[in-house]
Amino acid sequence: MSVSVDLKGSGINFKLLKEFEIEIKKAHKKLYDRTGEGSDFLGWVDWPIRYDKQEFERIINTSEVIRKKCQVFLVVGIGGSYLGSKAALEAIKGNFYNQMIKDTPDIFFVGNNISSRYLMDILEIIKDKEICVNVISKSGTTTEPAIAFRIIKRMMEEKYGREESARRIFATTDKSRGALLDLAKKENYETFVIGDDIGGRFSVITPVGLLPMSVAGIDIKKFMLGAASGYEKYKTPNIDDNPCFKYVAYRNIMYSKGKKIEILANYEPALSNFSEWWKQLFGESEGKDHRGLYPSSVNFTSDLHSMGQYIQDGERHLFETVIRIADQNHKIIMPKDENDLDGLNYLSGKSLEDINEKALEGTFLAHVGGGVPNCIITVDTLDSFTLGSLMYFFMVSCGISGYLLGINPFNQPGVEAYKQNMFALLGKQGYEELHEKLLS
């Protein structure tokens, strides 16, 4: 089994788990039967077994063309349009992908902020490189990526001319409507489809995530097989055989006990952007109607020397979910030193992987002993298959958890408030009304 859930540090007994199982079953049925609120955005649930095979092969073929044509691949998108592929790139290919010697392009993510310095730094790095671009947006009008793409499109056309630029730009967008689709048709960009029934934070298993992954040389066939194995495993409607049930029960029992903050902890720096993907998945899905856990993350053992103090001794309103990788497959052996001035000879002959595991176990004991409930989610190893299964595990868990809270996990009404104010301040609309509001 590629994903397992251990609740021995949660303080939850079997009887309480079984009590929650009844409600979890109802929420699970809503998800898999597509009868719950937001059901028009549940296309991702069975997507791992019904995805468009022709488009999938076109993704693989196109990624080969991109790899031959360019040294740099720019991914333009925000939120779910980039977090999943960035998480996968780091998890599978490592912390320093762009600095490594490889036969795949460097990959940079733009359009996820409005910082001129960030964009200028990337444009300076890539100015003498061969470039291809993947712009990702259902509408084409989302502010941050739309701003970045307008600038990058101009840069590409000045560098290559309009026709060659069009052969180097790939649009992932809606199938039948939207400003980006209209532009893609006008400029003759190759396009890939974001399904109408799949929201951005669940789109990593679609061309949104798959094209950048494939360009980086990640085996997307195995990734989708991992997600498909999750689809079969996680549709089992009981707490004994479905790890999603255990995780959902754990976090909702914690919430019912007044624990308002969930900390996702990892002991592998390559999972730091996975945590960012996870935070968007749960934060945007559950944070509604003044309800929902606050998703946060830490990277251990680094953050044991900063946030570790608060986790151990701070306010008891939090709990931890730890991602554990059973086999790292990277063996570095601690050498023996004749002088032993650092006092570390007791570690000689041990692998860093084993030492890191003992750090996890020691931290687990300390935090549980300090009143911080813990859940350990173990994956066999960190590869394409397991990552697909793990991401799908969290997607299913998120949907069930949202229904258990009594909210629609598949909309995001709160995201629009800042946009309306920003547009008004920039003079697009409603400036006078907003100005009066600010002065009142």
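Counting from 1, the numbers follow the sequence of the chain as shown. All of these numbers come straight from a predicted model, not from anything done at the bench.
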So which heavy atom on [X] is nearest to which on [Y], and how close?
X    : Y    : result
G140 : L180 : CA-CB, 3.6 Å
D380 : T386 : N-CG2, 4.4 Å
S10  : P373 : O-CB, 3.8 Å
V133 : I152 : CG2-CG2, 3.9 Å
S85  : V204 : N-CG2, 4.3 Å
N95  : A270 : OD1-N, 3.1 Å

Which pairs pass salt bridge (Lys or Arg N to Asp or Glu O under 4.0 Å) with one or both residues in residues 348-358, sequence neighbours excluded?
R324-E357, K331-E353, K358-E361
Please list all pairs passing the salt bridge (Lys or Arg N to Asp or Glu O under 4.0 Å) test where one or both residues lie in residues 80-96, with sequence neighbours left out.
none
Residue pair [X] / [Y], side-chain heavy-atom distance below 4.5 Å:
X    : Y    : value
F282 : L264 : no
V372 : I263 : no
K153 : S165 : no
F149 : S137 : no
V396 : Y32  : yes
F202 : L42  : no
V193 : T191 : no
D197 : W47  : no

Residues I205, M395; criterion side chain to side chain contact (heavy atoms under 4.5 Å, CB included); working and verdict
CA-CA 11 Å; I205 56 177; M395 288 159 64; 4.0 Å; yes
If only side-chain N and O atoms count, and only distance matters, is there a donor-acceptor pair under 3.5 Å linking [Y] with [X]?
X    : Y    : value
Y247 : S401 : no
E23  : Y403 : no
T172 : N134 : yes
S272 : N266 : no

Assign the ring pair [X] / [Y] to parallel, tilted or perpendicular, where the plane angle (0 to 90°) is split at 30° and 60°.
X    : Y    : value
F245 : H28  : perpendicular
W44  : Y392 : perpendicular
F394 : W277 : perpendicular
F300 : H367 : perpendicular

Quick check against the 3.5 Å criterion: does [X] have a side-chain atom that pairs as donor or acceptor with the backbone of [Y]?
X    : Y    : value
N113 : S115 : yes
D337 : N345 : no
T62  : I59  : no
K159 : K127 : yes
R201 : L83  : no
D219 : K222 : yes
E144 : I114 : no
E21  : I239 : yes
T378 : S4   : no
K18  : N13  : no

Residue that, paired with [X], satisfies side chain to side chain contact (heavy atoms under 4.5 Å, CB included) out of [options]:
X    : options          : value
E190 : R168, R58, R167  : R58
V5   : I377, N242, I376 : I377
I66  : C132, P212, S214 : C132

May I ask you to check whether over 12 heavy atoms, not counting those of [X], lie within 6.0 Å of atom [atom1]?
X    : atom1 : answer
R316 : CZ    : yes
Y118 : OH    : yes
K29  : NZ    : no
K175 : NZ    : no
K259 : NZ    : yes
Q54  : CD    : no

Nearest-0.5 Å distance, SG of residue C375 to CD of residue E320
10.5 Å
Would you compute the distance between atom CG of L123 and atom CD1 of I131 and round it to the nearest 0.5 angstrom?
8.0 Å
With side chain to side chain contact (heavy atoms under 4.5 Å, CB included) as the criterion, how do F56 and I220 come out once you've worked through the C-alpha distance, each side chain's angles and the decisive distance to 0.1 Å?
CA-CA 9 Å; F56 188 83; I220 60 173; 3.5 Å; yes
Under 6.0 Å from the six-membered ring centre of Y51 and within 45° of its axis: does the NZ or CZ of K53 meet both?
yes
Is K8 positioned over the aromatic face of F364, cation under 6.0 angstrom from the ring centre and no more than 45 degrees off axis?
yes
Taking only Lys NZ, Arg NE, NH1 and NH2, and the carboxylate oxygens of Asp or Glu, determine whether D340 and K336 approach each other closer than 4.0 Å.
no
Looking at E286 and R251, is any side-chain nitrogen of the basic one under 4.0 Å from a carboxylate oxygen of the acidic one?
yes
Could you give me the CA-CA distance, side-chain angles and deciding distance for D46 and K235, then say whether salt bridge (Lys or Arg N to Asp or Glu O under 4.0 Å) is met?
CA-CA 10 Å; D46 61 350; K235 70 180 181 182; over 6 Å; no
Pair F319 and Y250, ring centroids less than 6.0 Å apart
yes
Can you spot which of N98, T104, D106 makes a side chain to side chain donor-acceptor pair (under 3.5 Å) with K102?
D106
Option from S397, S389, S229 for which side chain to side chain donor-acceptor pair (under 3.5 Å) with Y234 holds:
S389
Could you walk me through whether N411 and K288 pass the side chain to side chain contact (heavy atoms under 4.5 Å, CB included) test, one step at a time?
CA-CA 9 Å; N411 64 358; K288 293 156 197 170; 3.0 Å; yes
Give the intermediate values and the outcome of side chain to side chain contact (heavy atoms under 4.5 Å, CB included) for residues V65 and N61.
CA-CA 7 Å; V65 171; N61 294 335; 5.9 Å; no
